[in-house]
Colleague: 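Pasting a structure below so you can have a look.
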Amino acid sequence: DKLMIMIKDDGQGMEEEVLADLRAQMSDTQQTTGKVGVINVQKRIKLLYGDPFGLSITSSPEQGTFITVILPVTATGEIE
């Protein structure tokens with residue numbers, strides 16, 4: 001009932017403070033400052049499909065960033 005798209009970037013990654021700030025902005029607990037694209041995608045997915053769906057981001061300095069996109073799938077296998 002869920003489609004998971006996993007994206008890995010082997011770039012510089014993010015420090016924990018930067019990642020925590022991004023996650024806070026994505027969860028709507030802070031005003032958006034920068035990184036508007038990722039936050040906009042998260043808010044649109046949540047608005048359309050609800051809390052079980054959206055983006056999940058993990059990152060480590062010098063290790064890169066890993067993003068999982070979770071979207072609903074219908075009983076026929078189509079993405080809603």
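Excluded from the calculations below are hydrogen atoms, water molecules and symmetry mates; all remaining heavy atoms, backbone and side chain alike, are included.
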Colleague: Could you work out, with side chain to side chain contact (heavy atoms under 4.5 Å, CB included) as the rule, every residue matching L47, not counting sequence neighbours?
Modeller: none
Colleague: Quick one: list whatever passes side chain to side chain contact (heavy atoms under 4.5 Å, CB included) with Q12, sequence neighbours left out.
Modeller: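 Per chain and number, Q12 pairs via side chain to side chain contact (heavy atoms under 4.5 Å, CB included) with no residue.
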Colleague: Please enumerate all residues that pass side chain to side chain contact (heavy atoms under 4.5 Å, CB included) together with I70, with sequence neighbours excluded.
Modeller: K2, M4, F53, T68
Colleague: Between Q25 and K43, which heavy-atom pair has the shortest distance, and what is it?
Modeller: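 Smallest interatomic distance, heavy atoms only, reads O-CE, 4.0 Å.
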Colleague: List for me each residue that meets side chain to side chain contact (heavy atoms under 4.5 Å, CB included) alongside V69, sequence neighbours excluded, and say none if there are none.
Modeller: I5, I7, I45, L55, I67, L71
Colleague: Atom CG in D21, atom CE in M26: separation rounded to 0.5 Å?
Modeller: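 These two atoms lie 11.5 Å from each other.
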Colleague: Side chains of residues 56-64: which donor-acceptor pairs under 3.5 Å do they make with residues two or more places apart or in other chains?
Modeller:
from, atom 1, to, atom 2, distance (Å)
S59, OG, M14, N, 2.8
S59, OG, G64, O, 3.1
S59, OG, T65, OG1, 2.9

